[in-house]
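Here is the structure we will look at.
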Amino acid sequence: MDTLLNRRSIRRFESTPIPPKTSELLELAAQRAATSQFLNAWSAIRITDPALKQQLAEIGEQPYIAEAPLLYIFVLDQRRNAHIAKEQGIDVSADGFNLASSYRFLQAQNDAVLALHAMETAAESLGLGCVILGSVLNDIDRLITLLHLRQLTFPVLGLAIGKPAQQPTLKPRMPRSMQFFENAYPADFDNEEFSQSLISFDATVHQYYDLRHADRPVAAFSAQIKKVSSAKPSRLNDIGRLAPKQGFDIRTQPEQEH
Ligand SMILES: Cc1cc2nc3c(=O)[nH]c(=O)nc-3n(C[C@H](O)[C@H](O)[C@H](O)COP(=O)(O)O)c2cc1C
């Protein structure tokens, strides 16, 4: 509970290397995570080459990626299973090959995220700090090329791990009632309780200092949502183009009769 209730992202690390015994433990913890239908549909690539770390930091536009003593890129992975299925006599190039389906793409993504989160929690329980890296997806094409990601694999997230060289305060979270509902989703958010909760959360968030920009408090939550909602379309939306290129059939299926 202490580990989970005190977790926050760490973006500055001591240069101290992480001993191999520790990384082995973290990898075992990741492998222990639950996995849909026991397909183990994820893999992780340990990035140890400094030049490659540097290239990933360029993609992410975040220098701390290059400085992380331990860095992993988690990928959703049906390739290994497709190989096994093929050995078992399955025609993996057939239309409708199940491991390439949109459902399996989604569940493989879930597998990868759960494994990454297990690794993050394990690292934090050992006093290490982590930051999850969606920024490595800024240029998925380049990431796929750099890591030689083959058919039926797709990048999910990075995880940077190291001894913390900063002690950020906990970033606020919204009042629980805004995020936990009972038995059904609320009809709408047009009510006084929600408005009041949001006003108070906006104010709390606006008092938080992100150590990346320590000279000013972060914008209120509503302002952050507004900014992201109106951001220009970016390469991050390439998944619809790139998932099929990686062999996944994420097209809309005709409605099935039940
Ligand atoms: C899917 C995902 C992607 C993220 N990508 C990045 C990233 O690329 N760079 C970064 O500095 N933080 C990244 N984060 C960390 C979030 O910014 C952070 O969790 C959030 O602001 C809350 O702060 P906290 O983790 O300190 O509580 C990511 C988090 C998640 C869950």
Side-chain angles (χ1 to χ4, degrees), residues 1-13 30 33 42 44-45 47 53-76 105-106 108-125 127-140 142-143 146-147 154-176 178-179 201-202 204-214 216-229 231 234-239:
M1 286 311 291
D2 281 348
T3 300
L4 288 168
L5 293 179
N6 288 300
R7 83 145 288 290
R8 66 259 194 278
S9 299
I10 296 294
R11 298 184 176 88
R12 187 172 295 205
F13 305 104
W42 64 274
I45 302 178
I47 311 290
K53 273 190 185 174
Q54 189 54 48
Q55 284 167 304
L56 298 180
E58 277 168 28
I59 293 180
E61 295 174 12
Q62 292 170 336
Y64 42 90
I65 299 178
E67 289 151 17
L70 193 56
L71 179 66
Y72 291 89
I73 303 295
F74 281 75
V75 299
L76 64 87
F105 182 83
L106 184 72
Q109 159 102 12
N110 288 340
D111 276 13
V113 172
L114 289 170
L116 174 142
H117 188 245
M119 180 179 273
E120 183 199 15
T121 306
E124 284 159 357
S125 77
L128 298 170
C130 304
V131 61
I132 296 174
L133 300 164
S135 60
V136 292
L137 302 177
N138 279 345
D139 187 345
I140 300 177
R142 187 166 166 213
L143 186 63
L146 279 176
L147 303 184
F154 205 81
V156 175
L157 287 170
L159 183 65
I161 306 171
K163 208 161 173 274
Q166 60 177 189
Q167 288 300 333
T169 51
L170 290 186
K171 196 164 178 175
R173 293 297 193 263
M174 61 185 68
R176 210 156 37 98
M178 287 173 72
Q179 212 160 19
F201 184 51
D202 273 339
T204 312
V205 169
H206 192 43
Q207 283 161 16
Y208 174 80
Y209 284 77
D210 187 322
L211 295 183
R212 287 172 291 182
H213 312 282
R216 54 182 152 89
V218 301
F221 186 65
S222 298
Q224 293 189 37
I225 299 298
K226 180 181 176 191
K227 187 170 172 211
V228 175
S229 318
S234 76
R235 278 174 156 169
L236 288 164
N237 295 314
D238 259 4
I239 293 172

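Note that ligands are numbered from 1 as they come in the structure, with each ligand's atoms numbered from 1 the same way.
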Next on the checklist: Applying side-chain hydrogen bond (donor to acceptor under 3.5 Å, both in side chains) as the test, list every pair that has at least one member in residues 111-124; sequence neighbours left out.
Outcome noted: Arg7-Glu120, Thr35-Asp111
Next on the checklist: Checking the side chain of Asp202 only, and the main-chain atoms of Phe221 only, is there a donor and an acceptor separated by less than 3.5 Å?
Outcome noted: yes
Next on the checklist: Could you measure the distance from the CG atom of Asn110 to the CG atom of Leu76? Nearest 0.5 Å is fine.
Outcome noted: 10.0 Å
Checklist entry - Is there a donor-acceptor contact under 3.5 Å from the side chain of His206 to the main chain of Val218? => result yes
Checklist entry - Considering only heavy atoms, which protein residues lie less than 4.0 Å from any atom of ligand 1? => result Arg7, Arg8, Ser9, Arg11, Gln62, Tyr64, Val131, Ile132, Leu133, Gly134, Ser135, Leu157, Lys171, Arg173, Arg212
Next on the checklist: List the residues meeting ring-ring contact (aromatic ring centres under 6.0 Å, His included) with Phe154, not counting sequence neighbours, and say none if there are none.
Outcome noted: Phe105
Checklist outcome for this item: Applying side-chain contact (heavy atoms from CB on, under 4.5 Å) to Gln207 and not counting sequence neighbours gives none
